[in-house]
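These notes concern the structure reproduced below.
A quick note: this is a predicted structure, and the numbers were derived from the prediction, not measured. Whatever order the structure lists ligands and atoms in, that order sets their numbers, starting from 1. Excluded from the calculations below are hydrogen atoms, water molecules and symmetry mates; all remaining heavy atoms, backbone and side chain alike, are included.
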Amino acid sequence: MKLLNIIILVVALKYAESTCSGNSFEECSACGGSCDTGPCICADSSTVCVPTGGECNTGSNECCPSGLYYDATNVCCTDTPLCNPSCAGDQICKNTTCQCNSTIYQGKTINDLKPSLVCGPDVMTVSLSRCLLTYLKYNYSTIQLINNSAACLPGLYQTKVNNTLIDNFDLTLKSGWCGNTITNDSTLVYISNTIHIDILKSPIISANPISFNITCAYNKSMQISLSYSIHPVVINASIPGLNGNGLFDLTMAAFWDDQYSSPIQQSETVTVGTNFYLGLFVLYADGNKLVLRVDTCIASPVNNRNDPSSVVFVRGGCAVNGDINSVVEQNGQTLEARIKVSTFKFQASDFVFIFCDVRMCDKSTDCSTCDSSKSGRSSSGTTEVMLQVPFQDNSYSSSVTHSALPWTVLCSTLLGLLSKKLY
Ligand SMILES: *[C@@H]1O[C@H](CO)[C@@H](O)[C@H](O)[C@H]1NC(C)=O
Ligand SMILES: *[C@@H]1O[C@H](CO)[C@@H](O)[C@H](O)[C@H]1NC(C)=O
Ligand SMILES: *[C@@H]1O[C@H](CO)[C@@H](O)[C@H](O)[C@H]1NC(C)=O
Ligand SMILES: *[C@@H]1O[C@H](CO)[C@@H](O)[C@H](O)[C@H]1NC(C)=O
Ligand SMILES: *[C@@H]1O[C@H](CO)[C@@H](O)[C@H](O)[C@H]1NC(C)=O
Ligand SMILES: *[C@@H]1O[C@H](CO)[C@@H](O)[C@H](O)[C@H]1NC(C)=O
Ligand SMILES: *[C@@H]1O[C@H](CO)[C@@H](O)[C@H](O)[C@H]1NC(C)=O
Ligand SMILES: *[C@@H]1O[C@H](CO)[C@@H](O)[C@H](O)[C@H]1NC(C)=O
Ligand SMILES: *[C@@H]1O[C@H](CO)[C@@H](O)[C@H](O)[C@H]1NC(C)=O
């Protein structure tokens, strides 16, 4: 019985030794200490203290007084050198810094370096194994895009995947951004760039710098064409879900083509007699349950839908043909609505103001009915969006150059002002 007690005591002592006993610093919890930057410091702002609870937010060795290392498991500072944050599975902690364990990569060649590319809705993300790159004698700090200016140096961020340290970086989905090139075929849009990686400097050069092209293909969609265009004519708004549940992101934009893939730019002008295409879409909604429904659209030469010269071209979800001919190409079927607007005429106006009343509609009900006798504006949950399209009436005076007015967009929301009518 006595012997057993002694053994337990020895074990406990050894454990305590390997954790954080033995330093003579004050505990932060006892002196109101905090560790925002650098070593933790007591509330008196001068005494250094050691974290014993959640004080060390960064989890880095910096929290500890010099000569001690942060032990995240036991939440304390120890004199045993540790790496913080902890190393990935293909690294070794040496003298408090993580270094690649090259044994793991022995025999690998450049063919094993398979950069991964994820084509996201807003960014393209490239990922590479840092330790494999290093083993192959490449310097991960030299990763560059085709435009190697300082502004385009990729910001590397690290993740650990399958016990491997991965360096990741993002490319913005914009035409011309840091040398991005855009091409398309009839259904897809391709965004490409070229990645360069230089070798590690050493007396013996045993590798050549590498470059490889990355290309993301996207379905042609209004969203993708807007995201790669520079200054499109676009308005974003929020639209409530069914019965006011939640808010969704609605975008309305004007396009030149029936593919809705070439957005009208703010520097461009629609002239009398040409068509343009009004595209509306909602992102991040459940398209199995909800659809987007446009009830009414009105064009006005001034920022007032009730102006005497304004013209209704969509009513009750369908085209009203009069001064403006329109075709409702898609409405109430998906999260996207498409309206072709053609051949209309306003006198000497620099802009056409397009007002549309739109709402989310329960897909299990009839959302694509067309009833132009209904006025439509008063539905509950209806949102008005207004798009200001640069416009030029050549027939009025072809010699007058219209000064480009500053581009402004306005948007207002009508929420259940008249909620008598249910959809
Ligand atoms: C550990 O790193 C420190 C500074 O980072 C350095 O001064 C020291 O010489 C290194 N010790 C060993 C054994 O490499
Ligand atoms: C490095 O990786 C090899 C192979 O997986 C492994 O056997 C070795 O223990 C690792 N070295 C260290 C110091 O962890
Ligand atoms: C992790 O490794 C397993 C087995 O090697 C592989 O099947 C899996 O795809 C890897 N996961 C990732 C995210 O790379
Ligand atoms: C590279 O990118 C910078 C910053 O975006 C830009 O100013 C520069 O003109 C670009 N260079 C080339 C050759 O495209
Ligand atoms: C690229 O898209 C434009 C606009 O939609 C289209 O006119 C053109 O034909 C497309 N190019 C190819 C090669 O399909
Ligand atoms: C790696 O690249 C960085 C950034 O260009 C440079 O500062 C560093 O000296 C390079 N290291 C080696 C070993 O080539
Ligand atoms: C990479 O892209 C560049 C420019 O877009 C092109 O000239 C080159 O041929 C491409 N290289 C490969 C291997 O596809
Ligand atoms: C792209 O279009 C194809 C065919 O229309 C479709 O099957 C696929 O789901 C679309 N992909 C995305 C990401 O929308
Ligand atoms: C509007 O929304 C689209 C799609 O979410 C986004 O790409 C764009 O940056 C937004 N534009 C503005 C001006 O907020």
Side-chain angles (χ1 to χ4, degrees), residues 18 61 69 71-73 78 80-119 122-138 140-156 158 160-167 169-185 188-199 207-218 224 227-232 265 267:
S18 71
N61 289 342
Y69 309 96
D71 177 343
T73 317
T78 173
T80 312
L82 287 176
C83 288
N84 274 308
S86 61
C87 300
D90 60 349
Q91 291 182 301
I92 305 166
C93 180
K94 270 196 188 150
N95 191 14
T96 76
T97 49
C98 295
Q99 293 176 4
C100 288
N101 178 353
S102 53
T103 323
I104 294 176
Y105 293 102
Q106 239 148 43
K108 300 274 183 193
T109 68
I110 191 82
N111 297 327
D112 296 302
L113 183 73
K114 297 190 175 76
S116 96
L117 173 65
V118 174
C119 301
D122 306 313
V123 292
M124 311 192 268
T125 304
V126 181
S127 308
L128 286 154
S129 156
R130 176 183 296 188
C131 289
L132 177 54
L133 207 55
T134 308
Y135 173 79
L136 298 171
K137 307 250 182 305
Y138 291 100
Y140 69 89
S141 307
T142 64
I143 297 178
Q144 287 177 350
L145 308 182
I146 195 163
N147 178 333
N148 59 8
S149 68
C152 293
L153 284 179
L156 299 185
Q158 285 73 46
K160 289 172 189 168
V161 179
N162 266 355
N163 281 325
T164 305
L165 177 70
I166 303 291
D167 279 313
F169 56 95
D170 294 337
L171 285 81
T172 302
L173 278 191
K174 281 238 179 266
S175 175
W177 180 89
C178 289
N180 281 353
T181 52
I182 308 265
T183 51
N184 69 287
D185 60 25
L188 296 171
V189 173
Y190 303 92
I191 305 190
S192 308
N193 205 310
T194 304
I195 312 295
H196 279 286
I197 311 176
D198 211 345
I199 55 173
N208 292 313
I210 37 174
S211 6
F212 53 91
N213 289 348
I214 53 163
T215 300
C216 279
Y218 291 91
I224 199 76
S227 70
Y228 71 63
S229 79
I230 314 280
H231 295 297
Q265 303 296 308
S267 56

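- Across all their heavy atoms, P232 and Q265 have their closest contact at N-OE1, 3.6 Å.
- Atom 4 (C) of ligand 2 has I104 CG1, 3.8 Å as its closest protein atom, hydrogens excluded (heavy atom only).
- Q144 and P154 make their closest contact through CA-CD, 4.2 Å (heavy atoms, listed as atom of the first residue, atom of the second, distance).
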Legend entry - Verdict with reasoning, C93 to C87, per disulfide bond (SG atoms under 2.5 Å apart): CA-CA 6 Å; C93 180; C87 300; 4.6 Å; no
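- Against a heavy-atom cut-off of under 4.0 Å, S149 is close to the following atoms of ligand 4: 1 (C), 2 (O), 3 (C), 4 (C).
- Of the polar atoms of N101, at least one N or O is found under 3.5 Å from an N or O of ligand 2, judged by distance alone.
- Which of N213, T181, N193, I195 comes nearest to atom 10 (C) of ligand 7 through a heavy atom is settled by distance: it is N213.
- For atom 2 (O) of ligand 7, a protein heavy-atom neighbour is present inside the 4.0 Å cut-off.
- The neighbour count for H231 NE2, taken as heavy atoms of other residues, nucleotides or ligands under 6.0 Å away, does not exceed 12.
- Of the candidates V118, T215, N180, M124 forms a side chain to side chain contact (heavy atoms under 4.5 Å, CB included) with just one, namely N180.
- When each of N184, T183, D185 is tested with Y190 by the rule side-chain hydrogen bond (donor to acceptor under 3.5 Å, both in side chains), just one qualifies, namely D185.
- Heavy-atom separations between C178 and ligand 4 are all 4.0 Å or longer.
- Under the 4.0 Å distance rule, the nearest protein heavy atom to atom 12 (C) of ligand 7 falls inside the cut-off.
- Near C152, meaning under 4.0 Å from one of its heavy atoms, ligand 4 places the atoms 2 (O).
- Atom CG of L171 is separated from atom SG of C216 by 8.5 Å, given to the nearest 0.5 angstrom.
- Annotation: atom 6 (C) of ligand 4 to nearest protein heavy atom, N147 ND2, 4.1 Å.
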